[in-house]
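All figures in this text were calculated on a predicted structure; none of them were measured in a lab. Each ligand, and each atom within it, is numbered from 1 in the order the structure gives.
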Amino acid sequence: MKNDLYRKIPKVDVLLEDERIRELISNHSRELVMDCIRLEINKLRRFIGVCEDLEDAEREIHLLATSIEKSVEKTITPNMKMVINGTGTIIHTNLGRAPMAPHHLQHVYNVSMSYSNLEYNLEQGGRGARYDHFEQLLCELTGAEAAMAVNNNAAAVMLILNALAKNKDIIVSRGELVEVGGKFRIPDVMDLSRGNLVEIGTTNKTHLDDYEEAIGENTGLLMKVHTSNYKILGFTESVGIEALSELGKEHDIPVVEDLGSGVLIDLAKYGLTHEPTVQESIQAGADVVCFSGDKLLGGPQAGIIVGKKKYIDIMKKNQLTRALRIDKFTAAALEAVLMEYRSEENAINKIPVLRMISMNIEEIKKDANTLYYKLVEAGIDERITLKIVECESQIGGGSMPLETLKSYGVTLKPSHMTITEYDKCLRSVKKPIIGRIINDEILIDMRTMHSTHIDKLVHQIKDI
Ligand SMILES: *Cc1c(COP(=O)(O)O)cnc(C)c1O
């Protein structure tokens, strides 16, 4: 019986005569379509091999041209795509962290569409450095003497430790031996950088004496790591960057702070608890400070290093720098985003991450209302229970873990399928919708959803 089925599979030359397949070939390439034909025929053969219901198999054979069309469509559609973030987590690591604004990307586009002065000094007509485009600006914004940037903050930490403390002791409090995520652990990075970790204090308490007692002949660095993704509460004590910097100066040992999030403006003004800013660390005397480009700074993935010129110069010459350097896309995006920080108002309004953090609650509520009524208008409430709800957004990206922001959203509860099935449907549309499942409902938090996406969202939900 199965042999009959195998025989019913159209031969390739027959398929090539099929009008739909011919159209595919004229729209795409012959090679691409041939690959899909072979792929789909093999799939079909495997299906017949395991299929128990012959009618199912007949149907699949009948649908072969359609499967090939779908297969071509899938092949020419990139895997990476925009998604609609309804989770309410602003810096969502799995969803690409900080989204960028079109006018920042325009700069990336302009610079990379053609040749650029990436490493060319136009005034002198000779070699320049890729950091030149934003080093001065970073110095002005943070008060540091010098600056550079590498691939990400993990790379920045590695470079700093290797450049300043190779084969030397690096003193760190036990309360700050952080795992950032993706198994990026400070102690492991020290190993890789060939520095020797000297742990001091305890998980909850570390005193200035602990640092002082640990300082010896071979001490290369005093390091402070901002515990950005967790908080130790209760009976705690840690040494601030100011006291640590003083100690470093007394002993002529550089002091480094890994700030993680990289805030340049005081977020307390926008209803969050105060997060130490980069300029505060520099002001307090830190010799070197590093932070991420795509966390609270709201820029591209990068690890930004600012500090004393003599240390930054050592890093610029380090061999690792070549391996960890940023590319031209990042350099351009970073310049565009940093330029906004010349004015706090611009930064808040034009950098998406900061805009989402500082969004007015009434504005969010209005978006939730708009979404709700558009969904009702589209008749979606026939099978799905809709509600406007108050909810809480998070900063995410391992920044400010205890902080939530009051927000509004719309919940969807389907009556014709389970919540996990419905969630899967939402994820499988053209511009996938990522929500949060809470108590058998899917929540779309409006804070992280651009209001221009509301119509798209309604259309897609309607089509499910
Ligand atoms: C996030 C973080 C890092 C890693 O930064 P990436 O840019 O993700 O490489 C390092 N240290 C701290 C304290 C962080 O919060």
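A salt bridge links Lys374 and Asp455; the closest N-O separation between the charged side-chain nitrogens and carboxylate oxygens is under 4.0 Å.
For Asp209, the side chain to side chain contact (heavy atoms under 4.5 Å, CB included) partners are Glu213, not counting sequence neighbours.
Tested against Ser173, the residues Thr203, Thr227, Thr202, Thr206 include a single side-chain hydrogen bond (donor to acceptor under 3.5 Å, both in side chains) partner, Thr206.
The CD1 atom of Ile215 lies 12.5 Å from the CG atom of Asn218; values are rounded to the nearest 0.5 Å.
The closest side-chain heavy-atom distance from Ile84 to Gln460 is below 4.5 Å. Considering only heavy atoms from C-beta on, Met190 comes within 4.5 Å of Met223 through its side chain.
Near ligand 1, residues Arg97, Asn152, Asn153, Ala154, Val180, Phe184, Val225, His226, Ser228, Asp258, Gly260, Ser292, Lys295 come within 4.0 angstrom through at least one heavy atom.
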